[in-house]
Amino acid sequence: MSEVTLPGGELWPALRARTQARIGLGRAGSALPTRHRLALQAAHAAARDAVHSPFEPDTVAAGLAGLATVRVRSAAGDRPTYLQRPDLGRRLHPTDRAHLPVGDWDVVFVVADGLSSRAVHEHAAAMVRETAARLPGWRVAPVVLAEQARVALGDDIAHAMGAAMVVVLIGERPGMSAADSLGAYLTYRPTPGVTTDADRNCLSNIRPPLGLTYEAAAGKLAGLMGKGRELGVTGVGLKDESDHANVIDWLP
Amino acid sequence: MSYLSTLGGERFRFGSLARLLAAASPERSGDRLAGLAAASAQERVAARWALAEVPLATFLTEPVIPYETDDVTRLILDTHDADAFAPVAGMTVGELREWLLAADGPALAALAPGLTPEMAAAVSKLMSNADLVAVARKVRVVTAFRSTIGLPGRLATRLQPNHPTDDPAGVAAALLDGLLLGSGDAVIGINPATDSPKAVRGLLELVDGVIGRYSIPTQSSVLCHISMSVQLMAQGAPVDLVFQSIAGTQAANASFGVTLGLLDEAYEAARALGRGTVGDNVMYFETGQGSALSADAHHGVDQQTVEARAYAVARRYRPLLVNTVVGFIGPEYLYDGRQILRAALEDHFCGKILGLPMGLDICYTNHADADDDDVATMLTMLAVAGASFVICTPGGDDIMLNYQSASYHDALYLREVLGLRPAPEFEAWLESVGLLDERGAIKDVSGAHPLTAIGRELAA
């Protein structure tokens, strides 16, 4: 394909260093040059595949180094339903509630596919391992692997299991620059239907090496968990240097 | 009051005007999520038969949300212009559709104050996509500040140089990119990443500096909350347009932290600044189907009808720009390209026949079933329909709001294939700085062009 004349050609490399925006692309007639059109499509394709690739619980379980797991589904039966009915993604499938072991758990980790199963396949197991390793003496419940799940499904799960705290590790909505971003949402004593997003603390953009590393994210998360347990609260009542409000806007 | 219809031997009953409107609405995920959609395709058409028979006068006596509890309903009914309504006062919704399709532009413009949003929404539900284009195209709503928006044969653009951390050099680089592609005559508008008055003021001053230095006949807006704009105006910040997201119910507006009183206050403050040169339209509103449901404030009214009610709020303030953001909110409200296109055409049509300068942010998120081909299709139809402006982003990708919209290139395409031109003042400016060729098309310039100092100085 031919290189299209770029207006101000020598200018753009310096300006691109200041923004990821797709600037100085040049034109083919009125349209984008071929390589820029394909680059845009490539980014969109990665995002689409991350949204629509099926969740593979085995992949996550294999990375959990022998930790016990339980598998559940939400009430959203398939991807199109999941995308159109967020309310169903927040509720347990009626027959799967019985799979959840009730106990005196300090915390349950829920690995949820959310809007990027790719993020979960790549990062969730390592995050569980790294975080659990920083919780000496905690009674950690079997890890729940949840399909077609939204963040608030964790409320239903923790409530059903009798867990004092829930950490939901979930695939975030893919953007054009990152399709594998994992989010972590921490909620103390959630009650389905009563707990709101303001009751959660969250870490976003967990995706080493470009985003948060596992070590950094797990350190921060374990710190919040310790403080949350001590104060008996999470969310806006638990001060957190991470950008709470901003992240909540993008809750999957 | 309930409404009855018989179709294919089956009898359908709709318990209220709101239920009837919802059942008649073209299919979309948001109405299903709200539990308001027709249960079957036949029920939907049965509802349309019944809706076609409803006298327009009914909309003045059976509000879809009670007068006593909702200030948007009060605004709609208290400002209804009976004289303007007179030509269609005896008609049904079905007859209004035929009247609109046959009417000329001046007749449509004269009717606007006599139509309520619910009438506009109702008639749109009986119209095809082509009907929505054909009627809207006849309506020109002309507004002005430093440029004139909405003239025949013109299509303006918002230049949207967003940056995830509001970095001035990053914003300036994207601003330069948009200007060199001939964009920005509707507004140079930035969605701030941070909520601090200091950061917002910094962005306002940056854009105001560029507009002043290069004498660009356009206006700026930093899309912060309206209360912050009021505060910044009081402090002497260079606020051209006051921005606010608005919705079609009092409760949804409350969820945005907005009241009619606050809008009144901001409107008066912005007009008092007198910063416009060719006009005094000072407000920039954004709306979008699904926002009321998302705020749990839809009162059982379908998302398209609630959206049209937001236009009653908008028209009280003679805005420069009303932008319906179609496709940003996600697939639980508009699932795919087909639903997003329909919503775009409905919103543009309803806004125009209610007398508003409608433009669109034609966009999609990565979890909706849509792509850049859908954007191209929608842009073409909306430009044919006479949209006042469209939102444009660098390469069609907004790195701050994380969604895809039209690109500056897309706007050039529309100008090329439909013979559309920018706002006249802005077009003259583009010509004066050497950005147009002899045919009036955008021209490549070298890196030594004086405008490039916008990016170069801040990047250094």
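A note on names: the letters A, B, ... follow the listed sequences, proteins ahead of strands, and every chain is numbered from 1.
By the ring-ring contact (aromatic ring centres under 6.0 Å, His included) test, Tyr364(B) is found to be paired with His44(A), residues two or more places apart in sequence or in another chain being considered. In terms of the side chain to side chain donor-acceptor pair (under 3.5 Å) criterion, residue partners of Ser30(A) (sequence neighbours excluded) are, by chain and number, Glu416(B).
Looking at Asp373(B), only its side chain comes within 4.5 Å of chain A, counting heavy atoms on both sides. Ala21(A) touches chain B through backbone and side chain together, each having a heavy atom under 4.5 Å away. With a threshold of 4.5 angstrom between heavy atoms, Ala368(B) approaches chain A through N, CA, C or O but not through any side-chain atom. Only the side chain of Ile399(B) comes within contact range of chain A, with heavy atoms under 4.5 Å apart. In this structure, the portion of Arg37(A) lying under 4.5 Å from any heavy atom of chain B is its side chain and not its backbone. Residue Ala370(B) touches chain A through its backbone alone, counting heavy-atom pairs closer than 4.5 Å. Using a 4.5 Å cut-off between heavy atoms, His367(B) touches chain A through backbone and side chain atoms alike. Heavy atoms closer than 4.5 Å to chain A are found nowhere in Leu414(B), neither backbone nor side chain. Contacts of Asp371(B) with chain A are made by both backbone and side-chain atoms, with heavy-atom separations under 4.5 Å.
Between Ser407(B) and Leu40(A), the closest side-chain pair of non-hydrogen atoms is not below 4.5 Å. The side-chain heavy atoms of Arg27(A) and Ile442(B), taken from C-beta on, include a pair separated by under 4.5 Å. A heavy-atom distance below 4.5 Å is not found between the side chains of Arg456(B) and Leu15(A). The side-chain heavy atoms of Gln41(A) and Asp372(B), taken from C-beta on, include a pair separated by under 4.5 Å.
Within the 3.5 Å criterion, the main-chain N or O of Gly175(A) finds no donor-acceptor partner in the side chain of Asn402(B). Here the side chain of Asn366(B) pairs a donor or acceptor atom with the backbone of Pro174(A) at under 3.5 angstrom.
Atoms OG1 and CG, on Thr19(A) and Leu175(B) in that order, are 11.5 Å from each other to the nearest 0.5 Å. Rounded to the nearest 0.5 angstrom, Tyr408(B) OH and Leu25(A) CG are separated by 10.5 Å.
Scanning all heavy atoms of the two residues, the minimum distance from Gln84(A) to Pro331(B) falls at CG-O, 3.8 Å. The minimum heavy-atom distance linking Pro394(B) with Ile23(A) is given by the pair CB-CG2, 4.1 Å.
Most heavy-atom pairs under 4.5 Å with chain A: of the set Arg415(B), His409(B), Glu332(B), this distinction falls to His409(B). Highest contact tally toward chain B, considering only Ala43(A), Pro80(A), Ala39(A), is held by Pro80(A) [criterion: heavy-atom pairs under 4.5 Å]. The candidate with the highest count of non-hydrogen atom pairs below 4.5 Å against chain B, out of Asp87(A), Leu88(A), Leu83(A), is Leu83(A). Among Asp369(B), Leu176(B), Thr194(B), the residue with the largest count of heavy-atom pairs under 4.5 Å with chain A is Asp369(B).
Salt-bridge check for Arg22(A) with Asp177(B): failed, with every basic side-chain N at 4.0 Å or more from each acidic carboxylate O.
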